[in-house]
Amino acid sequence: MRTPIIAGNWKMNKTPREAVELSTQLKADLADVKGVEIVICPTFVCLPAVKEVINGSNIKLGAQNMHWEEKGAYTGEVSPSMLVDIGVEYVIIGHSERRQYFAETDETVNKKVLSALSYDLKPIICVGETLEQREQGLTEELVASQTKEALNGLVTDAVKKVVIAYEPIWAIGTGRTASAKDANDVISVIRKTIGSMYGQDIAEQVRIQYGGSVNGGNARELMAMPQIDGALVGGASLKSDEFYKIVNF
Ligand code: PGA
């Protein structure tokens, strides 16, 4: 059985002070939740303060990005060893906003995935199509290829630690979700792709989330689908009561 994983991607929201407030609230509100892995991903500058708040709770810490190198002349970047030092466990890699605005490619995504795993950070790898690609019938081909590229060169044991987030770009921040059936179908394609690389047994162990306008009202239907193992949540993760509803799907 795959344990569902709900991750809140706070994006570029919340100052450190506000992040402490929100995580304090989440810690109290989510204290009784069981059977679901909960992760919150604040901005880099908020990570240490949030870690202090959630220590000893059932909430884990994730980052939104990282560089693949350990250190060096990469102005403005943050390395995996820095994240590990703070107590970060998960790191979102290849979010569509990073691919779109910061020129991330399947190749840099793969470098980051390999690097994260070598530091024992668990990557949450984002894949997903644009509306145009969906309309052209390219969705399955695209997510299969993004998945293959992202996992290129991973050893079998490492693959089990990876989380994949299927996030159709047209559903992110738009209030428009993929139907539960469509999301489930695309996630099946991702699982088959992993199966073709590492065998079905391994593919069955990898958790694959859905992301894109998940909220307290639609989480239950999405999470009821057999292939969907959780959610990557943007906007609705910034309010404790809404995130609570999602986590309690
Ligand atoms: P959203 O964002 O929930 O606000 O659509 C999801 C994401 O980008 O991870």
Side-chain angles (χ1 to χ4, degrees), residues 5-30 37-72 74-104 108-109 111-113 115-116 119-128 163 165 167 169 172-174 209 211-215 230-244 246-247:
I5 174 167
I6 308 284
N9 172 12
W10 292 7
K11 308 194 180 184
M12 198 173 72
N13 294 291
K14 304 287 173 192
T15 64
R17 196 181 314 233
E18 291 165 346
V20 165
E21 277 168 23
L22 177 57
S23 48
T24 304
Q25 187 72 49
L26 286 166
K27 183 178 170 176
D29 291 350
L30 306 180
E37 205 173 345
I38 307 165
V39 184
I40 54 176
C41 308
T43 60
F44 289 135
V45 293
C46 298
L47 289 170
V50 169
K51 176 64 185 169
E52 210 153 288
V53 173
I54 62 176
N55 254 339
S57 77
N58 56 348
I59 304 175
K60 294 176 177 171
L61 193 61
Q64 299 174 16
N65 180 33
M66 56 167 251
H67 196 277
W68 56 85
E69 292 288 351
E70 188 189 345
K71 60 181 172 189
Y74 300 101
T75 302
E77 291 292 316
V78 170
S79 81
S81 51
M82 295 169 192
L83 299 181
V84 170
D85 195 49
I86 294 171
V88 169
E89 285 181 57
Y90 284 89
V91 56
I92 299 171
I93 290 180
H95 189 280
S96 62
E97 286 149 17
R98 302 244 18 121
R99 295 182 192 248
Q100 184 180 354
Y101 305 126
F102 303 99
E104 294 216 9
T108 59
V109 167
K111 280 187 177 176
K112 291 180 180 195
V113 170
S115 171
Y119 287 89
D120 238 354
L121 289 163
K122 289 169 235 164
I124 299 176
I125 306 167
C126 302
V127 300
V163 176
E167 297 207 306
I169 294 169
I172 295 177
T174 57
Q209 303 170 310
S213 297
V214 175
N215 59 43
L232 183 56
V233 186
S237 71
L238 295 169
K239 293 193 201 101
S240 190
D241 53 345
E242 192 72 17
F243 197 58
Y244 174 84
I246 298 170
V247 167

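Positions are given from 1 along the sequence.
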Does atom OH (Tyr244) have a neighbourhood of more than 12 heavy atoms from anything else shown, all under 6.0 Å?
no
Show the numbers, then the answer: is there a side chain to side chain contact (heavy atoms under 4.5 Å, CB included) between Thr43 and Lys14?
CA-CA 8 Å; Thr43 60; Lys14 304 287 173 192; over 6 Å; no
Can you establish whether the number of heavy atoms outside Glu18 located under 6.0 Å from its atom CD is more than 12?
yes
Glu37: partners by salt bridge (Lys or Arg N to Asp or Glu O under 4.0 Å), with sequence neighbours left out:
Lys60, Arg207
Nearest atoms (heavy-atom pairs only) where Gly94 meets Val109:
CA-CG2, 3.7 Å
Over all atoms of both residues, closest heavy-atom pair of Phe44 and Ala63
CE2-CB, 4.1 Å
Value rounded to 0.5 Å, distance of CZ in Phe243 from CG in Asp29
11.5 Å
Do Ile5 and Gln209 pass the side chain to side chain contact (heavy atoms under 4.5 Å, CB included) test, and can you show the C-alpha distance, the side-chain angles, and the key distance before you say yes or no?
CA-CA 7 Å; Ile5 174 167; Gln209 303 170 310; 3.8 Å; yes
Determine whether a donor-acceptor pair (N or O, by modelled atom type, separation under 3.5 Å) exists between the side chain of Glu242 and the backbone of Asn215.
no
I want to check something: taking the side chain as every heavy atom from C-beta on, are Ser79 and Lys71 in contact at a cut-off of under 4.5 Å?
no
Taking the side chain as every heavy atom from C-beta outward, state whether Lys11 and His95 have any pair of such atoms under 4.5 Å apart.
yes
Restricting to non-hydrogen atoms, name the atom on Leu61 and the atom on Gly87 that form the minimum distance, rounded to 0.1 Å.
CB-O, 4.2 Å
Distance check, rounded to the nearest 0.5 Å: Ser81 atom OG versus His67 atom NE2?
12.0 Å
Compare every heavy atom of Pro80 with every heavy atom of Glu69, then report the nearest pair and how far apart it is.
O-CD, 3.3 Å
Between CG on residue Leu232 and CD1 on residue Ile124, distance to nearest 0.5 Å
6.0 Å
Lys112 side chain near Asn65 side chain, heavy-atom distance below 4.5 Å:
yes
CD1/Ile38 to CD1/Ile6 distance, rounded to the nearest 0.5 angstrom?
8.5 Å
A side-chain contact here means heavy atoms from C-beta on lying under 4.5 Å apart; do Glu89 and Val39 qualify?
no
Approximate separation, where rounding is to 0.5 Å, of Lys122 NZ and Ile93 CD1
13.5 Å
Which heavy atom of Ile40 sits nearest to which heavy atom of Ile54, and what is that distance?
CD1-CG2, 4.2 Å
For a 4.5 angstrom cut-off between non-hydrogen side-chain atoms, does Ile169 reach Arg99?
no
Considering all heavy atoms of both residues, which atom of Leu47 and which atom of Val88 are nearest to each other, and what is their separation?
CD1-CG2, 4.0 Å
Less than 4.5 Å apart, side chain to side chain, heavy atoms only: is that true for Trp68 and Thr108?
yes
Side-chain heavy-atom pair Met66, Ser115 within 4.5 angstrom cut-off:
yes
Is it true that, when you exclude Lys239 itself, more than 12 heavy atoms of the residues, nucleotides or ligands shown sit nearer than 6.0 Å to its NZ?
no
Kindly compute the distance separating CZ (Arg98) from OG (Ser96), expressed to the nearest 0.5 Å.
11.0 Å
A side-chain contact here means heavy atoms from C-beta on lying under 4.5 Å apart; do Val214 and Ser237 qualify?
no
